[in-house]
Colleague: 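Got a structure for you, written out below as structure tokens; questions coming shortly.
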Amino acid sequence: MNLATQIAQSNAPPDRSPQAPPPLVQVTALKKHFPVHQGFFSRVSGQVYAVDGVSFELRKGETLGLVGESGCGKSTVGRTVLKLLEPTAGQIKVDGRDITHLDQSEMLAYRRRLQMIYQDPYASLNPRMTAGEIVAEPLIIHEVGGSTKERTARVATLFERVGLRPEHIKSYPHEFSGGQRQRIGIARALALSPEVIVGDEPVSALDVSIQAQIINLLMDLQDELKLTYLFVAHDLAVVEHISHRVAVMYLGRIVEMTDKATLFAQPLHPYTEALLSAVPIAKTSSKQRKRIILKGDVPSPIDPPPGCHFHTRCPYAHKRCRSEAPPLRQVTHDHWAACHLHDGGPKLPLAKPASALA
Ligand code: SF4
């Protein structure tokens, strides 16, 4: 049984599209570049343009799926939004407050509101701590919960909420299955009652049957706790099920963004079309698409092509595409695309040069 069938059978609200709730997180022209070091003296010889001018908003209570091939910069976006990485340029606002340049102590308060679930639950859990200690650690760091007794009670509640048994509290990470370890990661992320959770490929390391259980758990938690998710994934079937809206990334830029149903039924960007054509049966589409095989490999983010980054592989590329980068423009209501084939509408803010931050 595939993932789509398992989730459909065991889940879930039929319509997960809220009525345009207000933005909780606003990301504007975000850039994250990493220096490339070379030679004996480790001189900087170039930049990896991992995230290169990304703008989007996360609306209260929604899930925005951030999707793209490996190396497109989607995980870097998630880590930079949480300030686990310092942005090279751009702006991150939470509830209207600019957190882009907060130092570590100022950021501590925001850490409580913004949490992360990691891809590899085993690597992200300290093997020398019991599961109970792992979940209690954020409470101790943030001095939440007062007494040990109160923290122990909070940990027990979290274990029950994520489907772990009380006796698991004293077990070590190696004693759990992959799915159980991810439940510990989720309990830890929930410990401080956050509003926003970034999931960095949180189910991609799990078996398909376990993926469905974890996705169902995340959706239940969202409904119950009014959580807002930025869900980073490469698997379109997973993104289709959990997301309200979807943003598609290619080589450090968002190339298309809209609600899930529109994206799967009427993609505008040639890259999105190609990605969707590789999905065997897209639940929201009425007919099977003709498979589009893209030529060539994804270019290196150290030396991305000029103009539209996708022009080296795009079947519709024309002269303008090779020299002029298309901004992300509004094509129809809440449907945005970065393509010269759809260049009529207003555009999202472009990034300032990195030097403008200095
Ligand atoms: Fe293709 Fe040009 Fe559109 Fe880029 S801008 S996706 S190269 S048609």
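The structure displayed is predicted, hence computed values, not measured ones. Residues: numbered from 1 along the sequence shown.
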Colleague: I want to check something: taking the side chain as every heavy atom from C-beta on, are V155 and T152 in contact at a cut-off of under 4.5 Å?
Modeller: no
Colleague: Sort and list the pairs that fulfil salt bridge (Lys or Arg N to Asp or Glu O under 4.0 Å) and have at least one residue in residues 100-111, not counting sequence neighbours.
Modeller: none
Colleague: Please examine the side chains of T130 and I169, heavy atoms only from C-beta on, and report whether any two atoms are closer than 4.5 Å.
Modeller: no
Colleague: Does a salt bridge link R165 with E160, judged by any charged N lying under 4.0 Å from a carboxylate O?
Modeller: no
Colleague: Decide yes or no on side chain to side chain contact (heavy atoms under 4.5 Å, CB included) for H234 and S204, but give the supporting numbers first.
Modeller: CA-CA 8 Å; H234 68 275; S204 63; 3.9 Å; yes
Colleague: Are L276 and V248 in one and the same hydrophobic cluster, where Ile, Leu, Val, Met, Phe, Trp and Tyr link if side-chain heavy atoms are under 4.5 Å apart?
Modeller: yes
Colleague: Show which residues join I141 in its hydrophobic cluster (side-chain heavy-atom contacts under 4.5 Å, direct or indirect), or state none.
Modeller: none
Colleague: Go through the structure and list residues passing side chain to side chain contact (heavy atoms under 4.5 Å, CB included) with D120, not counting sequence neighbours.
Modeller: Y122, A123
Colleague: Check side chain to side chain contact (heavy atoms under 4.5 Å, CB included) between Q266 and all other residues, then give those that pass, not counting sequence neighbours.
Modeller: T262
Colleague: Are any side-chain N or O atoms of H309 and backbone N or O atoms of P305, one a donor and one an acceptor, separated by less than 3.5 Å?
Modeller: yes
Colleague: Do R161 and I186 have side chains that get closer than 4.5 Å, going by heavy atoms?
Modeller: no
Colleague: Is there a donor-acceptor pair under 3.5 Å between the side chain of T272 and the backbone N or O of L268?
Modeller: no
Colleague: Rounded to the nearest 0.5 Å, what separates atom CG in L139 from atom CD in E150?
Modeller: 10.5 Å
Colleague: Checking side-chain polar atoms at under 3.5 Å, does T100 have a donor or acceptor matched by the opposite partner on D98?
Modeller: yes
Colleague: Just distance, no hydrogens or angles: give the donor-acceptor pairs under 3.5 Å from side chains in residues 187-200, sequence neighbours left out.
Modeller:
| from | atom 1 | to | atom 2 | distance (Å) |
| --- | --- | --- | --- | --- |
| R188 | NH1 | I134 | O | 2.8 |
| R188 | NH1 | E137 | OE1 | 2.8 |
| R188 | NH2 | E137 | OE1 | 3.2 |
| S193 | OG | R154 | NH2 | 3.2 |
| E195 | OE1 | R113 | NH2 | 3.2 |
| E195 | OE2 | R113 | NE | 2.5 |
| E195 | OE2 | R113 | NH2 | 3.3 |
| D200 | OD1 | S75 | OG | 2.6 |
| D200 | OD2 | R79 | NH2 | 3.2 |

Colleague: Quick one: list whatever passes salt bridge (charged side-chain N to carboxylate O under 4.0 Å, His left out) with E69, sequence neighbours left out.
Modeller: R313
Colleague: Using modelled atom types and a 3.5 Å cut-off, is there a donor and acceptor pairing between side-chain atoms of R329 and backbone atoms of A337?
Modeller: no
Colleague: Heavy atoms, side chains only, cut-off 4.5 Å: are L30 and Q91 in contact?
Modeller: no
Colleague: Using ring centroids (six-membered ring only for Trp), state whether F159 and H168 fall under 6.0 Å.
Modeller: no
Colleague: Do Y49 and F310 share a hydrophobic cluster, counting only Ile, Leu, Val, Met, Phe, Trp and Tyr and linking them when any side-chain heavy atoms are less than 4.5 Å apart?
Modeller: no
Colleague: In Å and rounded to the nearest 0.5 Å, what is the OG to CD1 distance from S177 to I210?
Modeller: 6.0 Å
Colleague: Among all residues two or more places apart in sequence or in another chain, which pass the ring-ring contact (aromatic ring centres under 6.0 Å, His included) test with H311?
Modeller: none
Colleague: Determine, using the 4.5 Å side-chain heavy-atom cutoff (strictly less than), whether V81 and L108 are members of one ILVMFWY cluster.
Modeller: no
Colleague: Would a 4.5 Å heavy-atom cut-off, applied to side chains only, mark F56 and T28 as touching?
Modeller: no
Colleague: Applying a strict under-4.5 Å side-chain criterion to I, L, V, M, F, W and Y, I'd like to know whether M129 and I184 cluster together.
Modeller: yes
Colleague: Measure the NZ-CZ distance between K74 and F231 for me, rounded to the nearest 0.5 Å.
Modeller: 11.5 Å
Colleague: Other than F34, which residues form its hydrophobic cluster under the rule that side-chain heavy atoms must be closer than 4.5 Å?
Modeller: V36, V48, L85, I302
Colleague: To the nearest 0.5 angstrom, please state how far the CD atom of Q222 sits from the OG1 atom of T63.
Modeller: 3.5 Å
Colleague: What's the separation between atom CG in D235 and atom CD1 in I242, rounded to the nearest 0.5 Å?
Modeller: 11.5 Å
Colleague: Suppose clustering is done on Ile, Leu, Val, Met, Phe, Trp and Tyr with side-chain heavy atoms closer than 4.5 Å. Which residues sit in the same group as Y172?
Modeller: none
Colleague: In Å, rounded to the nearest 0.5 Å, how long is the span from CZ of R112 to CE of M107?
Modeller: 13.0 Å
Colleague: Which salt bridge (Lys or Arg N to Asp or Glu O under 4.0 Å) pairs, counting each pair once, include a residue from residues 242-257, with sequence neighbours left out?
Modeller: D52-R253, E62-R245
Colleague: Going by the rule side chain to side chain contact (heavy atoms under 4.5 Å, CB included), which residues pair with A247 if we only count those two or more places apart in sequence or in a different chain?
Modeller: L64, L66, I254, M257
Colleague: Evaluate the side-chain proximity of Y271 to C314: yes if any heavy-atom separation is below 4.5 Å, no if none is.
Modeller: no
Colleague: Through direct or indirect side-chain contacts below 4.5 angstrom among Ile, Leu, Val, Met, Phe, Trp and Tyr, which residues connect to L341?
Modeller: Y316
Colleague: Side chains of M249 and V77: does their closest heavy-atom pair fall under 4.5 Å?
Modeller: yes
Colleague: Do H241 side-chain atoms and A237 backbone N/O form a donor-acceptor pair below 3.5 Å?
Modeller: yes
Colleague: Looking only at side-chain N and O atoms, does H340 offer a donor or acceptor that is under 3.5 Å from a partner on E324?
Modeller: no
Colleague: Does any non-hydrogen side-chain atom of I99 lie less than 4.5 Å from one of K83?
Modeller: yes
